[in-house]
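See structure below.
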Amino acid sequence: MGSTASHPSPTGLGWIAIIRLGLVQAAIGAIVMLATSLLNRVMVVEYALAAAVPAGLVAWHYAVQLARPLWGHGSDRGRRRTPWIVGGMAMLAGGALLAVRATVMLPDSALLGGALAIFAFTMIGAGVGAAGTSMLALLASGVVPERRAAAAAVTWTMMIAGIVVAAGVAGALLDPFSEARLIGVAAGVALAAFALACAAIWRLEPRAMQDFSDRPRGEVPGFAEALREIMQETPARRFTVLIFVSMLAYSMQDLILEPFAGLVFGMSPGESTSLSGTQHSGVLLGMIIAGVGGSAFAGRLPVDLRVWIVAGCTGSGLALAGLAMAALAGPGWPLSANVFALGLCNGVFAVSAIGAMMGLAGAGENTREGVRMGVWGAAQAIAFGLGGLTGALGVDAARHLIGRDGAAFQLIFAIEACLFILAAVLAVQATRRAPMADKGVATA
């Protein structure tokens with residue numbers, strides 16, 4: 001085990017330190033679940049609001065994250081990531097609590113509740129961006145190259161585990177539903193997650209972190225110069241496009257899967273929530289498979305992560321094609337198995353792509369990990385915002401025009417499948433001539 005003491009170590013951040021940063025990711029995932037999953041369900045089902053309302057708010061919180069490169073650059077210049085992580089977590093937790101309050105206000109006061117909701121989701125987006133980007137930058141700069149893919153696998157696995165645990169606990173405590181119970185459960189989840197993140201990051205970052213970037217660099221350049229350097233690099237530019245397309249496909253079903261289960265398969269709220277848990281369980285297993293199979297936890301076998309990225313994208317496309325067929329077949333289709341397969345392939349893709357991102361983050365001549373992670377985080381945020389909003393609005397429009405729920409969902413799932421196949425092609429192109437990081441971790 002590597003040392004996690006607050007002193008520079010020649011081996012970088014050890015496994016315990018990586019796990020502690022994974023707890024920060026888990027805390028982020030748990031709070032974000034409240035806004036993007038739980039409140040989405042409450043607005044659409046319990047309060048009978050149009051699906052476009054929560055979709056628009058979720059899209060806005062992603063739009064706020066376009067500032068990720070700025071926050072990453074700020075943590076680069078400050079040389080310390082911890083204040084950005086703690087400050088971001090505080091803003092995220094506060095925003096989630098305000099979002100819950102805004103939700104219960106919407107039925108009685110649409111104007112005031114809507115304004116508060118926009119402000120709350122602004123805080124959520126800013127908090128996720130500041131904390132998440134700085135945490136990833138700390139991993140990319142403080143972890144030795146042969147452990148970077150492992151760090152990606154561990155932290156993302158723990159993030160999904162945080163979402164699954166928080167969703168399970170919140171779901172169990174919310175029945176029978178009431179506004180008071182919703183406020184209490186949400187406050188408990190948000191405050192517990194914030195406390196966990198603060199405890200995990202406490203005195204973790206060394207005061208003089210040894211730099212494990214791929215090449216020596218001088219002073220941190222200005223923000224405009226840093227962006228220009230990244231966009232002039234062909235591998236970084238191609239990887240940015242890959243992240244955008246793949247995450248667009250990844251996110252389009254986020255806000256429509258549970259409504260799909262209810263409208264087409266007649267599932268109850270509890271059953272549809274369990275279906276979402278099945279998907280996240282598949283994601284968790286897929287991340288573990290990619291981590292082990294891609295030598296993320298061994299670090300000794302030279303395995304090209306592009307194989308896992310392409311396999312994850314292709315498998316996700318096939319699973320979504322299955323959901324498109326399920327939309328017409330209806331009850332009788334093995335929906336749980338189909339959704340589990342989708343989650344499994346999503347997990348394989350996600351952790352291998354993050355492992356590749358970790359390698360490329362330290363490859364700049366002058367730019368630091370914070371701003372580079374910020375650029376890719378911004379591309380992901382744009383894709384997630386557009387994906388969730390496009391999926392929800394697309395289903396609403398298709399249901400209105402076609403008049404049949406099944407056919408409407410089939411169209412959206414088919415579009416997602418095509419996007420994932422395109423992402424697989426882009427992954428081959430983006431990694432074709434990319435240099436390899438130490439011990440076989442693909443850098444693009």
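These values consider heavy atoms only, across backbone and side chains, with no hydrogens, waters or symmetry-generated copies. Predicted, not measured: the structure shown is a model, and the values here were computed from it.
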Closest approach of [X] and [Y], non-hydrogen atoms and distance?
| X | Y | answer |
| --- | --- | --- |
| A383 | S251 | O-OG, 3.3 Å |
| A379 | F244 | O-CD1, 3.7 Å |
| V24 | A200 | CG2-CB, 4.1 Å |
| A423 | L242 | O-CD1, 3.4 Å |
| A30 | A166 | CB-CB, 3.7 Å |
| I124 | A96 | CG1-N, 3.7 Å |

Check side chain to side chain donor-acceptor pair (under 3.5 Å) between [X] and all other residues, then give those that pass, not counting sequence neighbours.
| X | value |
| --- | --- |
| R404 | none |
| S134 | none |
| T82 | E205 |
| T240 | W376 |

- Item | Those residues that, when tested against A126, pass side-chain contact (heavy atoms from CB on, under 4.5 Å) (two or more places apart) | V64, W71, M91

- Not counting sequence neighbours, which residues clear side-chain contact (heavy atoms from CB on, under 4.5 Å) with L38? List them please. M33, L34, V42, L174, L182

- Task: Quick one: list whatever passes ring-ring contact (aromatic ring centres under 6.0 Å, His included) with F265, sequence neighbours left out.
- Result: F260

Once rounded to the nearest 0.5 Å, what's the spacing between atom [atom1] of [X] and atom [atom2] of [Y]?
| X | Y | atom1 | atom2 | result |
| --- | --- | --- | --- | --- |
| C198 | I85 | SG | CD1 | 10.5 Å |
| I160 | L285 | CD1 | CG | 12.5 Å |
| L49 | M43 | CG | CE | 7.0 Å |
| M135 | T155 | CE | OG1 | 5.0 Å |
| T133 | Q65 | OG1 | CD | 7.5 Å |
| I309 | L426 | CD1 | CG | 11.5 Å |

Answer yes or no: is there a side-chain heavy-atom contact under 4.5 Å between [X] and [Y]?
| X | Y | answer |
| --- | --- | --- |
| V425 | V428 | no |
| L275 | E258 | no |
| L21 | M158 | no |
| W156 | V283 | no |
| V32 | I163 | no |
| V241 | R238 | no |

- Of all pairs that satisfy side-chain hydrogen bond (donor to acceptor under 3.5 Å, both in side chains), the ones with a partner from residues 346-358, not counting sequence neighbours: S316-N346

- Pairs touching residues 377-391 that satisfy side-chain hydrogen bond (donor to acceptor under 3.5 Å, both in side chains), sequence neighbours left out: none

List, one per line, each side-chain donor-acceptor pair under 3.5 Å for residues 322-342, sequence neighbours excluded.
{"from": "W333", "atom 1": "NE1", "to": "N338", "atom 2": "OD1", "distance (Å)": "3.0"}
{"from": "N338", "atom 1": "OD1", "to": "L323", "atom 2": "N", "distance (Å)": "3.3"}
{"from": "N338", "atom 1": "ND2", "to": "A319", "atom 2": "O", "distance (Å)": "3.0"}

Please output the side-chain donor-acceptor pairs of residues 405-420 that fall under 3.5 Å, not counting sequence neighbours, one pair per line with the distance.
{"from": "D405", "atom 1": "OD1", "to": "R399", "atom 2": "NE", "distance (Å)": "2.8"}
{"from": "E416", "atom 1": "OE1", "to": "Q253", "atom 2": "N", "distance (Å)": "3.1"}

- Query: Can you list every ring pair (Phe, Tyr, Trp, His ring centres under 6.0 Å) pair that touches residues 31-66, not counting sequence neighbours?
  - Reply: Y62-F384

- Query: Under the side-chain contact (heavy atoms from CB on, under 4.5 Å) criterion, do M89 and I31 qualify, and how do the steps go?
  - Reply: CA-CA 9 Å; M89 288 300 304; I31 299 177; 4.0 Å; yes

- Task: Verify side-chain contact (heavy atoms from CB on, under 4.5 Å) between L98 and M123, making sure each step is shown before the conclusion.
- Result: CA-CA 9 Å; L98 283 180; M123 290 181 63; 3.7 Å; yes

- Any chance you could lay out the side-chain contact (heavy atoms from CB on, under 4.5 Å) test for I289 and L344, step after step, and finish with the verdict? CA-CA 9 Å; I289 290 173; L344 180 73; 3.8 Å; yes

